[in-house]
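Everything numeric in this text was worked out from a predicted model, so none of it was measured. The chains referred to below are lettered A, B, ... by the order of the sequence lines, with proteins before strands, and numbering in each begins at 1.
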2 protein chains.
Amino acid sequence: MEDRRALIMSGVRTALGPSSSEHDPGRHPAVRCQAVARNAKSGCSITPLSDFQACHRRSRLIMRLIRERETVSTNASNKKRRVTQADVARRAGVSTAVVSATLNPNSATGVRVSQDTAKRVRAVMRELGYTPNPIAQSLARGKRNILGVFTYESVFPSERGNFFYPMLRGIEMQVSGAGYDLLLFTSAQTAEAPRQIFAGGSNRLGVADGAILLGQEPDSSELERLADEGFPFVTVGRRHSGRVELNWAAAGYAEATSEIVSHGHELGHRRIAYVGGATIREQQQDREAGFRSAMHRLGLDQGPDCCWHIDPETLDAACLESILSRRVTLILAETLKHAERLEDLLRDKGMYVPQDMSIAVLGTPLEDTKSILRWTRFEAPREEMGREAVRLLLAQLDGRLNGPAQTTLPCKFIPGDTLRPVTDGH
Amino acid sequence: MEDRRALIMSGVRTALGPSSSEHDPGRHPAVRCQAVARNAKSGCSITPLSDFQACHRRSRLIMRLIRERETVSTNASNKKRRVTQADVARRAGVSTAVVSATLNPNSATGVRVSQDTAKRVRAVMRELGYTPNPIAQSLARGKRNILGVFTYESVFPSERGNFFYPMLRGIEMQVSGAGYDLLLFTSAQTAEAPRQIFAGGSNRLGVADGAILLGQEPDSSELERLADEGFPFVTVGRRHSGRVELNWAAAGYAEATSEIVSHGHELGHRRIAYVGGATIREQQQDREAGFRSAMHRLGLDQGPDCCWHIDPETLDAACLESILSRRVTLILAETLKHAERLEDLLRDKGMYVPQDMSIAVLGTPLEDTKSILRWTRFEAPREEMGREAVRLLLAQLDGRLNGPAQTTLPCKFIPGDTLRPVTDGH
DNA sequence: CTGAAAGCGCTTACAG
DNA sequence: CTGAAAGCGCTTACAG
């Protein structure tokens, strides 16, 4: 015992012992034919095989005969060939239809199997170690019971903290029990480049009944092509295409931003600025639209140039000056990075958050769990978005849904400490 | 624009617009037959169809004829039926073999397709929107290009901090580029009970070419049954079966524990205790074996009862007394919880870590990232274990590996602050 | 209740 | 270089 352990301990890489398992990679007729030929030569010929290599026509019959012999004579010692339904049927003295019906008693087929027969069939299945081939089932049924999850970036990107994690968790929660497995398309990876759905012409997504797409696509035309194919899919996050209607489960960034503006208004803020990144996708559009519509509703319109589009790294003192020159008292920062950058710049001028300036963040990062805590902000319902995406996809697959399905889920407001009331005049 | 946005904002659940996509769930002959019948009645009959419903024999031929008509006449307007290789072949005026060869130019088949033909075929594929059915490819090839990932618990368990995350990350890293997708078996979930591989007789793992198993199985007989079937799989973490040889990529808990004992010895510790949980699996066995073998090697043997097996919740003052009565100066705690519990009990006696007692933890939890920092400990190479498991599995699938493959990977020692030198006599 | 057979949509030797 | 056909391992109407 001690020795055995020591052996395992010492070797960093050990491959020991004789082969005990053998995988059957599904050989093809000709391959099998050769195996049979060898077999036949080694003594168990059941028909003249002198010119076996040439008798292409006859080989199939011979194969069948030999296969039947094999099934009877060598029980489980010859593990080369996969045990099929036909083997079970033969041995149980029934047709494959009965075996299939035993396996799927609830199927709508007319076949009813008697208790006794079913028992016998099940016994043979155990005896032969039969397991149905799910791939063949999928092909025959036209249904795979697989839901795809596609991400353009890595599914498990960083060391800790994964943007997709909450969504994946929601997806798993909702899909679990619905009888679907989850396929992550890792094969679509092309070296360093972002993944593509239609890499090399063939769409791997097709292994799944439908798919959920996470993360931002570099090229929105892929979504349109996917929709054109009639492949059912749902994106997590709103996506827009001028050409096709897309399905999504999104966060209500517009409403949430609107709400923060209202909140600021109640606290006395009248001059409010929006500072977002240079990249503008659906998400950013929604935030800004929510901002503008709330400003309009509250009669706080300040013309078109109350919104700044600039990445945090580029945000400089000049930029801050232009904001301050408008006598702004509340800044809505798209990201924590924007907020922190603004705070740094303000500090350089001797101004502090929230005493001299209120700032709210329009989201909650997943990575920086500590720094975000003090900020007034909202949080997207990431887990619920994953769940809802699954719901929409399953509804589509069930035929419960005809048109495009688009769900907007409310974000959660988190008061934080960086949005303070202002007295008139400030 | 503003209005449109407002519409999206207001509705929490909106399903709008007409149906634009249609999924073909692979209908069966009879179903299709009915659709065809309807079609035929609506004007495009090409053969007397008065008693169509009854002509079971004839229907198949008719179907074929109508189908061919469809393919020619209605281009893409009738999206009901999936575009197949046969459709492409027909329209391009070639055989399906040529289409297949165009798709797989590198296959070892004798078929060579001329440049021109290939071009024409590809054009037709685009025109018809053809995408190969990966399920059918899998069945025909006998290879799925899917690696399964099975966990007995949820793959994405807790809100934040996921025990499996680093392993999944390693798995994705290694599998990416190898041309495999990753299938998470979420369907195996049975309500609240732990998942089972052989739930309901059929083994869903079979959709994959092979699988990686994560987490502790409640029932080790499932592993043996899986091995009996000849299904290729690798566990992350050492697993032992008396009956079959298993494949695993494990952490070197024995070596790491051994190393900590040696380290303690160098710092002057002579009386060392091991405190582990009541549950003893391979992991715990390895730690304890490493402890015992190091103690033996260093001539520190203290008889059989220098190891305590007790869960942290049950660990009480009496237990601590029995440890202290042996004049122990260093305790190896299996988990952080053990260590913290011991520290609490020591504090009750006015003793402090590490001044009055050194403690090392035999692992690093993933959840409690802050509290663990000060402890002397080691860390399992979780990510590398995932990668190695994939390597072993792929090697098996390639046939590069015959026997069972067992890899032990070294843990990383982290000095921390809770293991201090002792002067003689202490 | 059961058998024979077609079909799911591909791939692949084999014969031209 | 290409076509006709078998096979992968199932499911499912249909005829007994």
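Dashed line: the shortest gap from a side-chain N or O of B/T84 to OP1 or OP2 of C/dG9 is not under 4.0 Å. Look at A/N104 and you'll find a side-chain N or O under 4.0 angstrom from OP1 or OP2 of D/dT11.
For the pair B/L103 CG and C/dT12 P, the computed distance is 11 Å after rounding to whole Å. Rounded to whole Å, atom P of D/dG9 lies 17 Å from atom CE of A/M125. Spacing between atom CZ of A/R144 and atom P of D/dC10 amounts to 17 Å, rounded to whole angstrom units. At whole-Å resolution of the value, CD in B/Q85 and P in D/dA5 are 17 Å apart. Rounding to whole angstrom units, CD of residue A/Q137 and P of D/dT12 are separated by 10 Å. Atom CG of A/L139 and atom C1' of C/dG9 are 6 Å apart (whole Å). B/N145 has its CG atom 16 Å from the P atom of C/dC10, to the nearest Å. When rounded to the nearest whole Å, the span between CZ of B/R90 and C1' of C/dG9 equals 13 Å.
Stem list for DNA chain D (at least 3 consecutive Watson-Crick or G-U pairs, distances under 3.5 Å): C:1-3 with D:14-16, C:5-12 with D:5-12, C:14-16 with D:1-3.
Formation of a donor-acceptor pair under 3.5 Å by the A/R91 side chain with backbone atoms of A/V124 is not found in this model. Using modelled atom types, one side-chain atom of B/R120 and one backbone atom of B/A92 make a donor-acceptor pair closer than 3.5 Å.
A salt bridge links B/D87 to B/R90: at least one charged side-chain nitrogen sits closer than 4.0 Å to a carboxylate oxygen.
Picking from C/dG9, C/dG3, D/dT11 the nucleotide with the shortest atom distance to the side chain of A/T96 gives D/dT11. In this structure, of C/dG9, D/dG9, C/dG3, it is C/dG9 that holds the atom nearest to the side chain of B/A136. In the set D/dG3, D/dG9, C/dT11, C/dT11 carries the atom at the smallest distance from any side-chain atom of B/S100. With C/dA4, D/dG3, C/dG9 as the candidates, the nucleotide lying closest to the side chain of B/S95 is D/dG3. Which of D/dA13, D/dT11, C/dA13 sits closest to the side chain of B/A97 comes down to C/dA13.
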side-chain contact (heavy atoms from CB on, under 4.5 Å) between A/D181 and B/L184, intermediate numbers included: CA-CA 6 Å; A/D181 290 324; B/L184 310 181; over 6 Å; no
Are A/Q396 and A/V234 close enough, and set up right, to give a side-chain contact (heavy atoms from CB on, under 4.5 Å), and what steps lead you there? CA-CA 10 Å; A/Q396 259 183 89; A/V234 177; 3.7 Å; yes
Given the rule in the side-chain contact (heavy atoms from CB on, under 4.5 Å) test, do B/I212 and B/F150 qualify, once you have shown the distances and angles that lead to the verdict? CA-CA 6 Å; B/I212 290 171; B/F150 186 88; over 6 Å; no
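A search for side chain to side chain donor-acceptor pair (under 3.5 Å) contacts involving A/T96 returns nothing, not counting sequence neighbours. A/D116 is linked by a salt bridge (charged side-chain N to carboxylate O under 4.0 Å, His left out) to nothing, counting only residues two or more places apart in sequence or in another chain.
Counting any heavy atom pair closer than 4.0 Å across all strands shown, B/G93 reaches sugar-phosphate atoms only and no base atom. Contacts of B/T117 with the nucleic acid, taken as non-hydrogen atoms under 4.0 Å apart, involve only primed sugar atoms and P, OP1 or OP2.
If A/A86 and B/R120 are placed on DNA chain D by their nearest nucleotide, the residue sitting closer to the 5' end is B/R120.
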